[in-house]
Amino acid sequence: MAQFWKPGTAKPRLLDDEEGGVLFYTAPSSSSSSFGYASLESQRQRLPVFKYRTSILYLVETHSTTIIVGETGSGKTTQIPQYLKEAGWADGGRIIACTQPRRLAVQSVAARLAEEMGVKLGEEVGYTIRFEDVTNSELTRIKFLTDGVLLREMMDDPLLSKYSVIMVDEAHERSLSTDILLGLLKKIQRRRPELRLIIASATIEAKSMAEFFHNRKRRPQLEGEDNRLQTEPAILSVEGRGYNVQIFYIEEPVSDYLQATVSTVMSIHDKEPMGDILVFLTGQDDIDTAVQMITEQAQNSGSKSSFGMIVLPLYSGLTRSDQDLVFSPSPRGKRKVVISTNIAETSLTLEGIVYVVDSGFSKQRFYNPITDIENLVVAPISKASARQRAGRAGRVRPGKCYRLYMEDYFVNEMSSHGIPEMQRSNLVSTVIQLKALGIDNILGFDWPASPSAEAMVRSLEVLYSLGVLDDDAKLTSPVGFQVAELPLDPMVSKMIIASDKLECSEEIITIAAILSVQSIWISVKGQRELDEAKLRFAASEGDHVTFLNVYRGFLQSNKSSKWCHKNFINYHAMKKVMEVREQLRRVAQRLGLALKSCQNDMQVLRKAVTAGFFANACRLEAYSHNGTYKTLRGSQEVYIHPSSVLFRVNPKWVIYHSLVSTDRQYMRNVISIDPSWLREAAPHFYNKQPLNPPTHH
DNA sequence: GAGCACTGC
């Protein structure tokens, strides 16, 4: 067991939380040494987290779980793993893990720490993300990884036995995989009392997290066990190093927040000193409009400002080179204005922002378990998000944040935290992951935030209909276990497994890989060219076969980026497709699937799609002249999306890959089928429903 | 003839 406690040193002071239940600790008044020169060591000591070093090590030593609340810039992510290692937690071949929600964060923080420690990345300090394992099983002592990768590791090592401490960073984001991980780690703790958890979060949601980890059901004490170990979580708060940000609220509610955004930006530009502006809007449409409006106003009305403006959009759908524009320093004498989605709230950090304009809205996903449909809706953000957005203005010097809502609204009506993703999502992937880890009682699982019973039951139904779960809700063999092994949505995994018998796995794996990337098409403003380009690959069977044609063309071009450009295809997306495809082939081989090609037999391929997606089957309404379809399952009214190659073709029977909801429900990525395949693929699902073709006059 | 917040395995 690691020991850091030295007799004669001051013990951290304990403070009882007045509300009871949770203990807070304060750092001993720091005997701050003089920082004369900026050696690496003194730079480390200047980080806010440094004065808590002793407290952190004490808490980790004596508590199963330590919750650390710290703003960005406190240095917790790079420093705490080092403190732990210095205190001996990586001795005896053990590993200190630190998880992040995003790949980029894993890579950059690991690289920074390796540099700071003067070691080669991939040796003492390493990282693992999908497609990239930069660790050494002999040498790596501190390992950064995405929480998704750690979940996958549990399938081989359910108790995560090689780790001595696991630090879950950015826990306040409450992403799906973070919440699953937290639930599982709590379970592991009961089997492995020596495991230490650190939950790092930027907001003060710490209490509910502490409540979650407070294990009141004490096991009987084992002989020789460290009885100083407290199962009650400790909370430690570490201040950040951001600058002060002055907040301004609007005095009257705005009716047109796009217009309000534009005039706020213009007024900042006219009245405030140099410094870049970051604007948060909800989506591509609003952002493109706002960029245009601001650019026009700056030119026409003639800005009073003595310097110019450069206005740039930022959202994930942009090409790499358009995104890079945002990161290049503003041209001399120009103010940069970045109009962004939520991507700038967590995923990307812009330097040099002094002013933030916050619309108060973002697009959020919601799931309706009754209809089994996920919707993207513009919704008000939480206080936590509003604070995070404001904080983006205080990274280089004191800044200002203009909120396009009233103070009273912020104080009294805004919810303090957003709804965790767990409660806004379809749960099929979550449930199958837990099943694969041997957790049978899904409905009784102890979550940081429980999803609704309806959502759980619906996911069990879907998995049952896919043949992944049996009557006792246990994973079937081999299909259930195979589906769980594949890192994909279970319906896509089922499609791949069905392709084995149909002897078209090579093609189906290609299609699965393409469906798993955002879009292989380049989005262009005037879309006529894109539509024409699509026609070169269009297949009468539908979008899935069209994708296959694109892939074959890409291979024939020798994976040329020029070819992609000429055909309005996103080269980076195609490279990702190749990576995913290779990973899927490896897993499929391990599962014993034969990788066979059906060449040009598109019928077996459509049957394989049906085997995974039969629940998404739709029939064209009889007498329909406007392309109205009804889903077979829920009789929902749906339409083929105009981006589909089957738009206006309107085959009688189709299967869709996903729905997007606007004023109508649109089916994206559609393939035509023969209704007799449905009963073949899922007799239990369709045996009671009439599958007569629609009657046309 | 319409539109895709953002991650992740």
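In what follows, chains are A, B, ... by sequence order, proteins preceding strands, each numbered from 1. If you're wondering where the values come from, they're calculated on a predicted model, not measured in any experiment.
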For [X] and [N], what is the distance between atoms [atom1] and [atom2] respectively, to the nearest whole Å?
| X | N | atom1 | atom2 | value |
| --- | --- | --- | --- | --- |
| A:Arg152 | B:dG8 | CZ | C1' | 10 Å |
| A:Asp133 | B:dC9 | CG | C1' | 14 Å |
| A:Glu374 | B:dC4 | CD | P | 14 Å |
| A:Gln364 | B:dC4 | CD | C1' | 16 Å |
| A:Ile180 | B:dT7 | CD1 | P | 18 Å |
| A:Ile640 | B:dG1 | CD1 | P | 14 Å |
| A:Asn669 | B:dG3 | CG | C1' | 14 Å |
| A:Asp286 | B:dG3 | CG | P | 13 Å |

Kindly say whether, by distance alone, the side chain of A:Asp531 makes a donor-acceptor pair under 3.5 Å with the base of B:dG1?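 Yes.
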For A:Gly283 and A:Thr341, which heavy atoms make the closest approach, and how far apart are they?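 Closest heavy-atom pair between A:Gly283 and A:Thr341: CA-CG2, 4.1 Å.
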Which nucleotide sits closest to the side chain of [X]: [options]?
| X | options | result |
| --- | --- | --- |
| A:His641 | B:dG1, B:dC9, B:dG3 | B:dG3 |
| A:Arg668 | B:dC4, B:dC6, B:dG3 | B:dC4 |
| A:Ile129 | B:dA5, B:dC9, B:dC4 | B:dC9 |
| A:Ser347 | B:dC4, B:dC6, B:dA2 | B:dC6 |

Is [X] touching bases, backbone alone, or none of the nucleic acid, heavy atoms closer than 4.0 Å?
| X | value |
| --- | --- |
| A:Thr146 | sugar-phosphate |
| A:Arg103 | sugar-phosphate |
| A:Gln518 | base |
| A:Leu486 | nothing |
| A:Ser316 | sugar-phosphate |
| A:Ser643 | nothing |
| A:Ile343 | sugar-phosphate |
| A:Gln284 | base |
| A:Ser362 | nothing |

I'd like to know if [X] and [Y] make a salt bridge, using a cut-off of under 4.0 Å between side-chain N and carboxylate O.
| X | Y | answer |
| --- | --- | --- |
| A:Glu621 | A:Lys652 | no |
| A:Arg130 | A:Glu579 | no |
| A:Arg668 | A:Asp543 | no |

Tell me, please, which residues at least two apart from A:Leu104 pass side chain to side chain contact (heavy atoms under 4.5 Å, CB included).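 Testing A:Leu104 for side chain to side chain contact (heavy atoms under 4.5 Å, CB included), a comparison that skips the adjacent residues, returns A:Gln107.
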Would you please name every residue forming a side chain to side chain contact (heavy atoms under 4.5 Å, CB included) with A:Asn650, sequence neighbours left out?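 Once residues adjacent in sequence are excluded, the partners of A:Asn650 under the side chain to side chain contact (heavy atoms under 4.5 Å, CB included) criterion are A:Leu620, A:Tyr629, A:Ile640.
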Report yes if at least one side-chain N or O of A:Ser177 is closer than 4.0 Å to OP1 or OP2 of B:dT7; otherwise report no.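 No, because none of the side-chain N or O atoms of A:Ser177 sits under 4.0 Å from OP1 or OP2 of B:dT7.
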Reading DNA chain B from 5' onward, which residue's closest nucleotide shows up sooner: A:Gln583 or A:Arg365?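 The residue mapped nearer the 5' terminus is A:Arg365.
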